[in-house]
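Both backbone and side-chain heavy atoms feed into the values below; hydrogens, waters and symmetry mates do not. Both ligands and their constituent atoms are indexed starting at 1 by order of listing.
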Amino acid sequence: MAHGDAKHEQLDGVRADPTGTELTTQQGVRVDHTDDSLQAGERGPTLLEDFHFREKLTHFDHERIPERVVHARGAGAYGHFRPYDDWLRDHTAAKFLTDPEVSTPVFVRFSTVAGSRGSADTVRDVRGFATKFYTEQGNYDLVGNNMPVFFIQDGIKFPDVVHAVKPEPHNEIPQAASAHDTFWDFVSLQPETMHMVMWLMSDRALPRSYRMMEGFGVHTFRLVNAEGKGTFVKFHWKPVLGSHSLVWDECQKIAGADADFNRRDLWEAIEAGQFPEWELGVQLVDESDEFAFDFDLLDPTKLIPEEQVPVRPVGKMVLDRNPDNFFAETEQVAFHTANVVPGIDFTNDPLLQARNFSYLDTQLIRLGGPNFAQIPVNRPVAEVSTNQRDGHHQQQIHRGRTSYTPNSLGGGCPAIAGSDVFRHYQTRVDGETVRRRSASFTDHHSQATLFWNSMADFEKDHIVEAFRFELGKVEHQHVRERVLHELVHVDRDLAEAVAQGLGMRAPEGGTENHGRSSPALSLAKSPGSVATRKVAVLVADGVDATEVEQVKRDLSARGAVPEVLGATHDGRARGADGSEVDIEVAARTAMSVVYDAVIVPGGAGSARTLAADGHAVHFVAEAYKHHKPVAASDEGLEVLRKAGITEQVAAPVEGDGLVAERGVVLAAGTGGALPGQFLEEFAAALGSHRVWDRDTASIPA
Ligand code: HDD
């Protein structure tokens with residue numbers, strides 16, 4: 001039976017709405033004055049007996065809880081997951097993965113890792129992708145990232161890597177950035193980080209949107225079927241909108257223009273009914289193939305190339321509801337890798353084993369006691385009945401006199417469950433007590449090389465630029481040198497390109513590139529769509545109103561989000577034909593970096609104003625520099641000319657005609673109506689996300 005709404009039905013019981021209510025204290029005493037405290041005389045001291053004042057301030061003083069030690073900044077949403085069919089039943093007893101009749105409610109929290117709660121969204125960082133499935137068999141948490149590997153192999157190193165990347169302890173600088181000495185000091189001394197560092201230096205660390213990034217469970221987990229047979233599994237989330245990234249210059253500017261860029265994007269898409277979707281996929285490995293790979297399946301710094309073991313689709317997740325209250329839901333949600341349900345189990349991956357300790361432990365301090373599973377967002381929809389009692393913030397009133405097993409006084413309840421129980425996978429453990437890394441974990445560079453080899457040229461350029469930027473911020477020469485010593489084991493060209501940018505020389509030696517690649521690792525061919533893409537339409541008085549209307553209608557029909565930008569004055573621009581064009585965004589408050597593309601419609605008066613406006617010219621030039629589609633018609637071309645863009649397009653526009661070249665779409669002689677081809681070409685460029693085949697070096701933006 002579908003139970004997709006079960007979580008919301010439960011939450012409805014605690015949702016509170018102040019509409020139509022009157023002010024009270026926490027005790028329900030009605031209050032008619034909350035602006036002045038009770039004083040002995042108009043200019044006298046405040047009195048202790050003012051219980052309303054004391055309660056109000058005391059509550060305020062205690063409003064904060066410790067932020068997450070990592071992944072402090074995040075954004076969450078509710079949705080549901082449904083499997084396509086039951087094919088996975090051969091491998092797992094988990095019903096939510098195998099019964100297409102069952103729609104399982106979910107809560108997902110996306111996050112950055114290093115920054116504090118108030119840090120910017122578009123920093124270079126790993127993104128968290130944590131999903132809580134409220135299944136009929138209990139809560140299952142898939143606590144993953146947008147990268148399929150991790151920095152370290154054993155969780156005992158987690159405090160080290162986190163201390164290294166977090167702001168340095170003496171001055172708490174820099175915020176939400178890996179571009180500083182302690183991170184690179186650690187990385188260069190701990191070569192197992194190299195594969196993940198390649199991901200971190202790649203475009204994967206700069207997602208355009210949470211809705212446009214992949215998710216990975218990272219570890220090899222184990223599926224267990226009804227007969228108790230195990231199968232190794234890697235979990236993947238594939239976004240329906242494709243995986244797309246920002247460019248670094250853009251990220252830095254967005255951090256100022258809209259620090260909430262990714263959070264806002266998720267919120268707005270859901271509010272607009274453009275529900276984000278991901279397909280859940282699995283890579284399955286038979287237990288008999290445990291040692292069939294040239295790496296250890298238990299090593300979380302390794303991925304299984306999709307070409308070697310394909311990702312098989314299981315079902316789809318849709319996020320369709322924003323939380324009502326950030327703190328109550330997104331801040332208080334508590335994920336835990338050990339929240340598993342029958343049919344899903346662990347492996348001996350030493351990183352996973354450590355996580356299975358750490359997440360429960362951290363919630364105890366963060367949420368202030370052992371009853372955090374009773375917080376509404378964390379409550380399972382499955383029935384809960386334990387003998388656990390008391391503790392801070394106990395919400396339940398347990399009746400009866402027994403809270404132990406076995407009992408006879410309470411009728412033996414809760415009784416030992418008879419069916420559908422979780423049974424740990426049976427496996428033989430036989431070994432000496434050792435504090436030692438397995439020899440099968442020692443290859444730290446092959447997959448870093450695999451990743452590098454799989455990148456398109458523009459992605460390689462971005463990686464080189466990222467290393468140059470990050471190491472350029474490192475003050476200690478010996479740390480930079482040590483990183484180069486690692487990079488020559490990944491790829492000599494990479495090491496030399498990075499070294500050259502730093503004014504250094506790559507060291508001799510290194511490892512020869514094995515030449516293997518995994519095309520699935522590149523973002524170059526990720527499927528595209530114009531859906532939810534934001535397009536700036538720049539206008540001023542005298543704009544061709546028909547063209548603006550056409551652009552708005554056409555792009556909206558395709559699911560894109562066109563916004564008309566102009567001066568604020570009275571909220572409208574006057575069209576060349578005397579009609580009025582609604583201004584949706586005050587141009588002065590906007591930067592090109594928060595848009596995916598820009599269009600400058602025709603109209604002599606409008607084009608003249610915009611071409612003489614440095615802000616408008618910079619807007620267009622900057623969009624071009626960030627490889628975004630840029631379009632103009634008729635007089636609007638003048639603005640692109642001022643931005644130096646028309647010089648970059650080989651085919652000049654002479655007389656009537658249309659040019660579409662490397663994401664620049666130009667129309668001349670439109671007679672006030674854009675040719676259908678213009679919008680087709682523009683939409684095609686927009687759907688491909690960015691036009692990388694462009695030399696933007698000379699564009700000053
Ligand atoms: Fe972790 C939070 C993902 C390794 C210890 N982690 C946290 C969150 C995500 C991940 C998405 C945020 C959850 C949320 O939104 O509330 N962590 C990962 C992944 C890892 C990983 C994909 C490697 C594969 N983590 C990892 C290790 C440890 C931790 C090895 C400790 C041994 N992680 C934590 C934590 C956090 C956390 C300290 C902070 C807040 C929380 O758990 O709830 O316990």
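Which parts of ligand 1 touch V69 is read off a 4.0 Å heavy-atom cut-off, strictly below it: atoms 38 (C). Proximity to F335 (heavy-atom distance under 4.0 Å) selects the following atoms of ligand 1: 13 (C), 14 (C), 15 (O), 16 (O). The atoms of ligand 1 that sit less than 4.0 Å from any heavy atom of L351 are 23 (C), 24 (C), 30 (C). When each atom of ligand 1 is checked for a heavy atom of R68 under 4.0 Å away, the hits are 14 (C), 16 (O), 40 (C). Taking a cut-off of under 4.0 Å to the non-hydrogen atoms of F129, the atoms of ligand 1 that pass are 11 (C).
Atom 23 (C) of ligand 1 has F150 CD1, 3.4 Å as its closest protein atom, hydrogens excluded (heavy atom only). Atom 31 (C) of ligand 1 has F158 CD2, 3.2 Å as its closest protein atom, hydrogens excluded (heavy atom only). For atom 41 (C) of ligand 1, the closest non-hydrogen atom of the protein is T362 CG2, 3.4 Å. Taking atom 11 (C) of ligand 1 as the reference point, the nearest protein heavy-atom neighbour is G144 O, 3.2 Å.
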Check step by step if side-chain contact (heavy atoms from CB on, under 4.5 Å) holds for T532 and R211.
CA-CA 10 Å; T532 71; R211 303 174 294 121; 2.9 Å; yes
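For E486 and H445, the side-chain atoms include at least one donor-acceptor pair closer than 3.5 Å. Between E268 and Q274, the side chains place no donor N or O within less than 3.5 Å of an acceptor N or O (distance only, hydrogens not considered). A donor atom on one side chain and an acceptor atom on the other are not found under 3.5 Å apart for E306 and S518. Judged by distance alone, the side chains of D349 and H219 do bring a donor and an acceptor atom under 3.5 Å apart. Under the 3.5 Å distance criterion, with hydrogens and angles disregarded, a donor-acceptor pair is assigned to the side chains of W184 and E470. Using a 3.5 Å distance cut-off with no hydrogens or angles, the side chains of H236 and E214 do not pair a donor with an acceptor.
Using a 4.0 Å heavy-atom cutoff, G74 is absent from the residues neighbouring ligand 1.
Nearest to atom 8 (C) of ligand 1 by heavy-atom distance, out of Q153, H219, H71, is H71. Residue R355 holds the heavy atom nearest to atom 21 (C) of ligand 1 of all those in Q363, Q353, R355. Comparing K132, E67, R109, R366 by heavy-atom distance to atom 15 (O) of ligand 1, the nearest is R109.
Among F216, Y210, F81, F110, the single residue meeting the ring pair (Phe, Tyr, Trp, His ring centres under 6.0 Å) criterion with W278 is F110.
Taking backbone and side chain together, Y359 holds an N, O or S atom under 2.8 Å from atom 1 (Fe) of ligand 1.
Ring pair F221/F235 is tilted by interplanar angle, where 30° to 60° counts as tilted.
Residue N145 touches ligand 1 through backbone and side chain together, judged by heavy-atom distances below 4.0 Å. Contact annotation: for V218 versus ligand 1, heavy atoms closer than 4.0 Å belong to the side chain alone.
Checked for salt-bridge contact, R516 and D294 meet the test: a charged N lies under 4.0 Å from a carboxylate O.
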